Undergrad: 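The structure is given below, and queries will be raised subsequently.
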Amino acid sequence: MSILKIKNLNFSYNNNKKVLNDINIEFEKGKIYGIFGKSGAGKSTLLSLLAGLEKTKDGDILYNDMDVDNISREKYRSTVVGIIFQSYNLLYKYTPLENVILSMNIAGIKNINKKEKALELLNKVHINEEKANSKVLHLSGGEMQRVAIARALSTSAEIILADEPTGNLDKANEDEIITILKNLAHKEDKCVIVVSHSENVKNMVDKVFYLENGKILDN
Amino acid sequence: MNTGDFTVIAYSDSSYNEDFIKGNKKIVEGEMLSPDDTSYKIVISEELADENDINIGDKIEFKNTNDESITYTLEVSGIYSIENETSDNMGSRMMPNSTNQIYSNLTVLNKIIDDDGTSEDNFKVMQNVTAAYYVDYENIDKFEEEVKDLGISDYYKVMTNEEEVTSTLNPIKNISSFSKTFLIITFVVGITILTIINLFNIRERKYEIGVLRAIGMTKLKITLQLVTETVMITIISLIVGITAGTLLAQPVTNYMLKNEIENYEIEATNMEENFGSKEFGMMRGPKNKPNDMNNNISYVDELKAEIDSNIIITLSFATIVLTALSSSVAVLYINKYEPNKILQNRE
């Protein structure tokens with residue numbers, strides 16, 4: 001059963017040229033999806049709509065058959081989806097541990113030891129306690145992206161959305177990130193959707209969608 | 001009064017004597033005659049004294065030019081120098097030469113007028129009729145009205161020494177005026193700076209706001225968090241400010257009051273020097289005032305400065321409200337942007 005559905009989705013910014021044209025896709029839990037295409041094809045716009053960072057104007061996005069527009073966007077972003085950005089978007093004045101705990105606080109998670117849970121998540125993405133307590137700015141790009149993944153997982157979101165998660169990383173780090181994301185789908189039953197240019201990512205995802213001029217080529 | 005080669009000047013009130021008040025003329029020997037003086041004494045110019053070898057205490061005999069049988073023997077009690085020539089004392093048809101201007105008192109002047117038998121219209125007469133009444137300060141306005149209602153002629157003018165009474169508070173008034181102006185300027189500049197700083201501060205944190213909103217924090221929570229942070233900083237600043245203000249209020253007030261009084265005293269000393277007598281030292285204030293009202297002024301030289309709880313509460317409330325408002329405006333300005341836009345612009 002699909003957890004996320006896109007139905008007849010059209011989108012344009014300020015009523016100009018269509019960025020997305022009649023998109024229909026279904027995503028299931030336990031799978032990792034890849035959305036590929038040239039720059040300007042509409043990949044990031046599609047991911048922004050799935051993440052609730054943009055509002056749909058024409059067409060629907062359904063989460064468990066519920067229209068996302070009917071859910072508070074803040075609640076949707078803090079509890080339903082976990083977002084991983086290409087440029088990490090961590091809060092640099094905090095430590096990795098604080099970044100993860102802050103995400104839990106925003107999601108309103110209670111009745112658990114947040115520090116313990118955050119350290120466990122950071123450990124899962126290979127960030128040890130020492131690094132977890134150092135400033136984010138002292139981390140490498142690969143480490144920052146792993147912290148971003150831990151933050152996305154901290155709210156127990158069922159859907160993980162990753163926008164070019166390996167775009168700023170070298171090959172070794174890219175492999176590591178892809179493995180983590182793949183495990184999230186296959187071992188933790190998450191629905192992982194990755195937007196990327198990378199051939200390496202393309203080879204490791206369960207299903208590939210190609211976007212060209214706002215349309216899905218292989219639907 | 002101008003007669004023959006000399007001009008005889010007398011004042012019923014020393015505050016009319018502008019040449020001496022302004023320092024155009026200055027007593028160099030002896031002293032100026034008091035308006036109350038009734039003796040046959042005069043004050044002459046230094047040049048007149050030098051040319052005729054006249055000293056303090058010498059007696060000079062003057063003849064009435066209209067009737068040379070009438071003479072006046074006047075004793076020199078003071079000699080003045082001319083510091084600045086003004087249009088009034090440089091010489092004219094009525095007042096031929098400032099060095100020939102002789103200062104005396106109303107007794108001498110009236111005697112000359114009486115002997116001359118000429119209409120007063122031919123003379124430059126500056127004379128006041130004084131009748132002093134003591135009225136409560138609160139009833140001054142009422143007193144003036146009552147006197148007018150009683151039918152006093154328009155020839156007479158009712159004057160009060162209200163300004164003299166209130167002049168004892170002049171240093172405090174000046175400080176108060178300065179403080180109020182300073183407070184208004186500080187407030188206006190403070191609000192402007194506070195808003196600009198908040199705007200810059202929030203703009204600096206635009207990325208943080210974008211991230212927080214992207215991961216699901218509500219606009220309200222972000223606004224509350226940032227406003228709370230700013231208000232907390234304001235409260236700390238207030239505590240520091242109020243503590244410093246409480247400690248410094250009295251010394252600063254004392255210092256300002258001391259300076260103000262010193263300025264008044266310097267002016268009084270200048271008067272003493274110009275008129276050559278301490279009697280004129282405290283003569284400041286308005287013209288057209290009866291001479292017996294020119295008493296020594298004792299300025300208020302103690303002012304208790306304290307910051308009471310009402311001031312603290314008002315100040316704190318105003319500051320916190322202004323801070324909250326200015327930071328809210330700044331946060332609302334940033335919150336109008338979608339998180340995606342904030343983060344994309346950064347990337």
Side-chain angles (χ1 to χ4, degrees), chain A residues 11 13-14 19 44-55 71-94 98-109 136 144 147-155 157 160-161 163-164 167-168, chain B residues 193-237 240 323-324 326-347:
Chain A
F11 189 82
Y13 290 104
N14 302 322
V19 181
S44 291
T45 302
L46 180 60
L47 203 78
S48 291
L49 285 159
L50 291 173
L53 291 168
E54 294 283 354
K55 220 166 185 178
I71 308 171
S72 147
R73 291 214 284 167
E74 281 81 13
K75 193 177 179 190
Y76 179 78
R77 288 202 293 264
S78 63
T79 57
V80 176
V81 294
I83 311 167
I84 301 161
F85 300 90
Q86 180 179 356
S87 51
Y88 329 124
N89 287 342
L90 297 170
L91 295 176
Y92 299 110
K93 63 180 178 182
Y94 298 133
E98 287 165 343
N99 268 276
V100 177
I101 291 173
L102 178 67
S103 174
M104 289 186 200
N105 289 336
I106 290 171
I109 291 172
V136 166
M144 284 191 204
V147 173
I149 293 171
R151 183 179 65 183
L153 295 173
S154 67
T155 61
I160 303 296
L161 303 168
D163 187 7
E164 303 276 9
N168 292 334
Chain B
I193 291 175
L194 199 67
T195 309
I196 292 169
I197 288 175
N198 269 321
L199 208 58
F200 274 104
N201 176 39
I202 302 297
R203 278 174 71 91
E204 282 288 307
R205 298 177 71 174
K206 199 172 171 181
Y207 165 73
E208 183 185 343
I209 292 169
V211 171
L212 291 171
R213 289 199 50 209
I215 60 175
M217 191 179 260
T218 61
K219 285 180 184 180
L220 180 68
K221 271 190 181 172
I222 290 174
T223 306
L224 283 176
Q225 183 180 317
L226 294 177
V227 171
T228 307
E229 281 177 26
T230 316
V231 169
M232 292 294 283
I233 293 168
T234 305
I235 289 170
I236 293 167
S237 309
V240 173
T323 308
S326 60
S327 53
S328 299
V329 168
V331 177
L332 289 173
Y333 169 73
I334 297 299
N335 267 339
K336 74 178 183 179
Y337 295 108
E338 286 301 314
N340 215 19
K341 203 154 276 178
I342 298 174
L343 297 175
Q344 273 173 3
N345 285 344
R346 187 173 180 271
E347 286 165 14

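Chain A is the first sequence line, chain B the second, and so forth, proteins listed ahead of strands; every chain is numbered from 1. Remember, it's a predicted structure, so these values are computed and weren't measured experimentally.
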Undergrad: Identify which part of A:Y88 has an atom lying under 4.5 Å from any heavy atom of chain B, answering side chain, backbone, both or neither.
TA: neither

Undergrad: Should the heavy atoms of other residues, nucleotides or ligands under 6.0 Å from NZ of A:K93 be counted, would the total exceed 12?
TA: yes

Undergrad: For A:D163, check side chain to side chain donor-acceptor pair (under 3.5 Å) against everything at least two apart and list the hits.
TA: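 Expected list: A:S44.
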
Undergrad: Using heavy atoms and a sub-4.5 Å threshold, report which of residues 208-216 of chain B line up against chain A, by residue number.
TA: B:E208, B:V211, B:L212, B:R213, B:A214, B:I215, B:G216

Undergrad: Closest heavy-atom contact between A:L90 and B:Y207?
TA: O-OH, 2.6 Å

Undergrad: Check this for me: B:K206, atom NZ, are more than 12 non-hydrogen atoms of other residues, nucleotides or ligands nearer than 6.0 Å?
TA: yes

Undergrad: How long is the span from the OG1 atom in B:T218 to the CZ atom in A:R73, to the nearest 0.5 Å?
TA: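 Rounded to the nearest 0.5 Å, the OG1-CZ separation comes out at 13.0 Å.
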
